[in-house]
Every structure is written in structure tokens, then in C-alpha cells.
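Here's the structure we're looking at; comments come further down.
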Amino acid sequence: MGTKGGKDMEKGRCEKHCLCNEMEELLEEQQRLSLEDFRFVCDKIGYDTIPFVLSNDKCAFEVFGRTKSGIFFTTQVFRLESLDTRNCCAKLSMLIPVDIDGVPIDLCDEVFSLVRTNNCILVDLSCFCSIQPLSPKLVNRELPIVEPKC
């Protein structure tokens, strides 16, 4: 007679919700991307964020946040900050999609950059069934300087 406890319960929860395993791999890749301690290379070549969108079987996950200047925003794009594989939970920071002028926009519009924020949220990953990664090159992409035409 076997008992279900401890490691077996943890393993069963993560096997049932494979998104936990996917997020674990994403976190590992994100940590490898951000390596800056190279011996012979001085230039920063890595990114420190793999942005992504979470969804359930009906729609993309969307949350509300507030910037430092007090402006409210909604977003569907996140950065994985930490992961609790035992409970299949994650701490996510919110990224704001902006257009080429730096104005917050909907993810369906033409996104030029994803701006990092200090807003975080804890989520139960078992509530989601898919993850869609986006390009790390979008995060904090510098807006172009547009000279006025005279």
C-alpha cells in the first residue's frame, strides 16, 4: 500500500500542470540570458527578461497596474521573477506594451517596446494552460529620437 505525501504529491501536482515545468525552463533560460560575468567580453550581450503571455482555454490573462507616476494601465505581458514549483505558483512582474511614441497600447496593436514596472502579482499556474513567449529584444527597447521638422 503506497502513501501519497511529500515528494509524490509535489511531483503529481507538477506533472498534472505541465505549465509549472515550462515556467521552470523559462526561468532557467532567462537566468542564462542575463549572464554578464564574461572574462573576455566587455559588452553587455544578454537580456534579462523573456516576456510572455499566459492564457487559459478561453482568453489571455490580463491585470491592472499603476505606474510610479500614478497612471493606471492594463497588461497581458509578464516577466517571471520567481517560481515555487512545490505549489505551482509564480511571482510575475508586469510589462507595459507601448508604441513607438512611448504611449501604452493594447497588445493587439503594433508594440514597439515592453516597459518594465515594479508591479508584481502572484499567480497559481494551475489556472493556466498555455504560455506564449515574446522576443526579449522588446523589453525596455529605446524609443527613437525624432527630430522636429522645421
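Values below: all heavy atoms of this structure, side chains included; hydrogens, waters and symmetry mates excluded. The structure displayed is predicted, hence computed values, not measured ones.
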Is there a path of hydrophobic side-chain contacts, each under 4.5 Å between heavy atoms, that joins [X] and [Y]?
X: L134; Y: L19; value: no
X: V63; Y: V139; value: no
X: L26; Y: V53; value: no

In Å, rounded to the nearest 0.5 Å, how long is the span from [atom1] of [X] to [atom2] of [Y]?
X: I96; Y: T67; atom1: CD1; atom2: OG1; result: 6.5 Å
X: K68; Y: N119; atom1: NZ; atom2: CG; result: 10.0 Å
X: T75; Y: L114; atom1: OG1; atom2: CG; result: 7.5 Å
X: E62; Y: L107; atom1: CD; atom2: CG; result: 9.5 Å
X: F78; Y: C120; atom1: CZ; atom2: SG; result: 10.5 Å
X: L54; Y: I131; atom1: CG; atom2: CD1; result: 5.5 Å

- [ ] Determine whether the side chains of T49 and R79 contain a donor N or O and an acceptor N or O closer than 3.5 Å.
- [x]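 The criterion, which ignores hydrogens and geometry beyond distance, is satisfied for R79 and T49.
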State, to 0.1 Å, how close [X] and [Y] come at their nearest heavy-atom pair, and which atoms those are.
X: D124; Y: C89; value: CA-SG, 4.2 Å
X: D84; Y: N87; value: OD2-ND2, 2.8 Å
X: M23; Y: L83; value: C-CD2, 3.8 Å
X: V111; Y: L138; value: O-CD2, 4.3 Å
X: A90; Y: L125; value: CB-CD1, 4.0 Å
X: D101; Y: L143; value: C-CD1, 4.1 Å

TODO: Might you work through the ring pair (Phe, Tyr, Trp, His ring centres under 6.0 Å) test for F61 and F128, ending with a clear yes or no?
DONE: CA-CA 8 Å; F61 179 57; F128 304 100; 5.0 Å; yes
Open item on the list: Whether R116 and D48 form a salt bridge (side-chain N of Lys/Arg under 4.0 Å from carboxylate O of Asp/Glu) is what I want to check.
Closed with: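 Looking at D48 and R116, the cut-off is met.
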If you define the side chain from C-beta out and look only at heavy atoms, does anything of [X] sit under 4.5 Å from [Y]?
X: P97; Y: F112; value: no
X: F52; Y: V77; value: no
X: I50; Y: E29; value: yes
X: K137; Y: R141; value: no

Task: R66 charged N/C atom sitting above F73 aromatic ring, 6.0 Å / 45° - done: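 Cation-pi check for R66 and F73: fails.
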Task: Donor-acceptor under 3.5 Å (S55 side chain, A60 main chain) - done: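 Absent.
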Open item on the list: Using modelled atom types and a 3.5 Å cut-off, is there a donor and acceptor pairing between side-chain atoms of N56 and backbone atoms of C59?
Closed with: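 Between the backbone of C59 and the side chain of N56 there is a qualifying donor-acceptor contact (under 3.5 Å).
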Open item on the list: Does E81 form a side chain to side chain donor-acceptor pair (under 3.5 Å) with S93? I'd like the steps, not just the answer.
Closed with: CA-CA 7 Å; E81 296 295 335; S93 61; 2.7 Å; yes
- [ ] Could you walk me through whether T117 and L95 pass the side-chain contact (heavy atoms from CB on, under 4.5 Å) test, one step at a time?
- [x] CA-CA 6 Å; T117 71; L95 304 174; over 6 Å; no
